[in-house]
Amino acid sequence: MSIVHVRHIKTALESRFRSSVDLTDCATMRQDQVQMMFLSRSLAAFSLAHLCEVDDETAAGYVTDGFDDNGIDAIYFDHDDLTLYVIQAKWDSDGTGFPELGSVQALTKGFDDLLHTNWGRFNSKLTRHQTMITSALDDPNVSLRLVLSHTGMQPVSAHAKQLFDDLTDRINDTTNVLTITVLGQAQLHAAVAGSAEGTPINVEVMLYEWGRIQEPYLAYYGQIEAKDVADWWTAHGNNLFGKNIRKLIPKSDVNEVIAQSLLKQPDRFWYLNNGITALCSKVTKKPIGGSDRMSGGFVCEGLSVVNGAQTVGSIGTAARHNPNSVAKARVAVRFISLENCPPDFAASVTRATNTQNRIELRDYAALDPVQDRLRKEMLLDSGKEYALKTGDPEPAPENGCSITEATVALACSQNDVAVAVQAKREISRLWEDIHKPPYKLLFNSGLTGLRLWRTVEILRSIDGELRAIQSKSLGHERNVVVHLNRLIAHLVFAGLPMSQIEDLHLDMDLIKTRAKKLTDEVTTKVSEKVGELFPNAYLGSLFKNLSKCRLICAGVVEDNEQFRASTP
């Protein structure tokens with residue numbers, strides 16, 4: 001059926017993208033060549049529209065295919081999902097082929113040039129999006145998704161797969177930053193046919209220890225296997241949340257806690273999680289299990305998760321890391337049937353189940369009596385405000401700071417670079433347990449409000465100088481400043497007289513001037529050391545690798561005695 005499926009895909013592309021895909025650079029080509037260009041570019045646009053849930057005109061605007069495209073046919077940064085999509089599309093007219101090794105090589109090489117911001121190797125179609133791409137690559141929480149879209153039936157060759165595997169191993173140094181997706185003929189045809197999105201989601205579930213509410217509206221509740229939820233996420237992604245107020249929030253403290261509790265204590269997950277609420281157009285009990293309430297099979301038609309989106313996405317993420325652990329967990333669930341409900345009932349349930357305040361890990365840190373003491377001391381000693389909880393007004397820089405800024409400053413000033421790396425990688429982990437390190441290394445009975453405020457002042461001087469360096473730097477040095485800024489700050493603090501920081505007679509203006517000068521020196525030395533030790537590394541992953549950050553620090557310290565304190 002390959003030729004039939006290809007025809008269906010072609011018809012959809014003609015209908016959706018004929019007027020929006022740019023072909024102005026094809027004016028001198030033969031008509032058959034122009035048609036091939038259109039199909040390839042519209043396939044890239046379709047893939048982007050399908051994966052990112054953007055409209056067709058928007059997707060067409062991010063197509064970069066053309067002369068000197070360096071293997072990249074479309075690129076888009078989804079600000080909501082914090083994901084940078086990089087797409088190569090290959091049109092196979094008869095639908096029987098597979099992606100050529102040369103195309104995969106071009107894609108992986110182009111992707112590598114993109115990560116290293118080698119803009120001179122790309123055409124103007126891509127570089128016009130340079131600001132968008134730079135914004136994405138500068139974000140420490142960004143995810144990268146490399147997509148190969150082709151209309152052939154055959155999978156990529158073993159050699160091509162090896163190229164993808166090698167790239168993934170190199171980029172995913174310590175965390176899963178990069179995901180590679182291959183959209184073949186089957187997936188593309190399913191998307192065109194509407195079975196992948198835009199149609200009702202129907203699932204069959206096994207509900208354990210279930211119960212039923214019949215009046216005034218039918219609903220079932222109980223427990224389901226977490227692995228079943230992971231399967232929903234794999235198959236449908238954000239489409240599961242069609243009626244929800246919000247979709248999955250990427251890289252949030254809460255999601256990380258959900259995923260970690262599932263991976264570390266799957267048998268306790270039901271107790272630690274609030275569960276999932278889903279609306280369904282219809283819920284039907286299957287004959288299997290009869291009236292036994294210990295387990296029962298159910299068919300849920302038109303399913304939409306209206307509360308628990310973060311739980312669903314976190315379970316899906318955890319399943320990619322350790323499916324065996326997820327298989328041991330269950331999660332509470334409610335399936336509400338809308339079959340005989342009034343028209344406004346779905347909206348009422350969605351609104352009611354989402355009117356709750358979100359708690360951040362920094363709010364737990366605010367419960368520590370040390371924090372209240374520091375707040376009072378900063379106000380009395382320096383006349384400065386200290387914002388502790390989520391929602392507290394952020395003071396103007398000259399008037400004070402937040403606990404977030406204070407945590408970063410204190411982390412960078414520690415003797416061990418590990419704390420600075422953690423502050424950059426995932427600051428919320430520093431607040432996770434207020435009774436033990438690393439939190440206690442930062443906030444303890446020995447920390448005074450004066451020391452905290454002066455440490456923040458020094459970090460601001462360092463960051464200001466780093467911004468100045470970044471504004472006049474390109475390529476490797478700029479990427480070092482962006483991604484290794486906390487490591488640089490750590491080394492600068494190590495070169496300052498921090499043991500005297502609470503001396504009331506200390507000239508802080510002199511200290512801040514010294515910090516700026518050191519920032520220039522350290523940045524140069526770190527940039528050189530990174531180029532020497534890890535010349536091909538993706539710096540967006542490198543800063544998360546503690547062992548490599550230790551090697552960089554050790555290399556800088558080796559020739560510079562004033563930084564000796566930076567290695568414990």
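One is the number of the first residue; the rest follow in order along the sequence. For clarity, every value in this text was computed on a predicted model and none was experimentally measured. Scope of the values below: all heavy atoms of this structure, side chains included, with no hydrogens, waters or symmetry mates.
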Using every non-hydrogen atom in the two residues, find where [X] and [Y] come nearest and quote the distance to one decimal.
X    : Y    : value
L487 : C553 : CG-SG, 3.9 Å
W119 : T127 : O-CG2, 3.7 Å
K109 : N70  : NZ-OD1, 4.1 Å
F543 : C549 : O-SG, 3.6 Å
W91  : I9   : CZ3-CG2, 4.0 Å
P397 : W453 : O-CH2, 3.6 Å

Under 3.5 Å, is there a donor-acceptor pair between the side chain of [X] and the main chain of [Y]?
X    : Y    : value
S40  : K90  : no
K424 : P140 : no
T83  : D78  : no
H116 : A537 : yes
Q187 : G184 : yes
H476 : S527 : yes
S42  : F17  : no
R514 : L496 : no
N545 : S547 : yes

Polar contact flag, side-chain donor to acceptor under 3.5 angstrom, [X]-[Y]:
X    : Y    : answer
D55  : T58  : yes
R145 : T181 : yes
N123 : D68  : no
S402 : E394 : yes
T311 : N273 : yes

Practice item. Tell me whether the guanidinium CZ or amine NZ of R170 lies under 6.0 angstrom from the six-membered ring centre of Y538 and within 45° of its axis. Key: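 No - R170 does not lie over the ring of Y538 by the 6.0 Å and 45° rule.
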
Does [X] reach the side chain of [Y], with side-chain heavy atoms less than 4.5 Å apart?
X    : Y    : result
L115 : L144 : yes
D520 : E465 : yes
I462 : N485 : no
V142 : L137 : no
Y85  : V54  : no
R41  : D73  : no
F534 : I552 : yes
Q88  : S103 : yes

Are the charged groups of [X] and [Y] less than 4.0 angstrom apart, N to O?
X    : Y    : value
R460 : E405 : yes
D69  : R121 : no
R550 : D416 : yes
K525 : E521 : no
K161 : D165 : yes

Practice item. Check the pair V63, D22 against side chain to side chain contact (heavy atoms under 4.5 Å, CB included), reporting the backbone distance first and the verdict last. Key: CA-CA 8 Å; V63 171; D22 180 25; over 6 Å; no

In Å, rounded to the nearest 0.5 Å, how long is the span from [atom1] of [X] to [atom2] of [Y]?
X    : Y    : atom1 : atom2 : result
L167 : F111 : CG    : CZ    : 6.0 Å
L410 : L430 : CG    : CG    : 10.0 Å
H490 : Q414 : NE2   : CD    : 9.5 Å

Check your understanding: Step by step, would you call E457 with R454 a salt bridge (charged side-chain N to carboxylate O under 4.0 Å, His left out)?
Key -> CA-CA 5 Å; E457 285 188 291; R454 287 184 166 182; 5.2 Å; no

Check your understanding: Which is it for H129 and Y62 under the ring-ring contact (aromatic ring centres under 6.0 Å, His included) test, yes or no, and what are the steps along the way?
Key -> CA-CA 8 Å; H129 301 303; Y62 289 94; 4.7 Å; yes

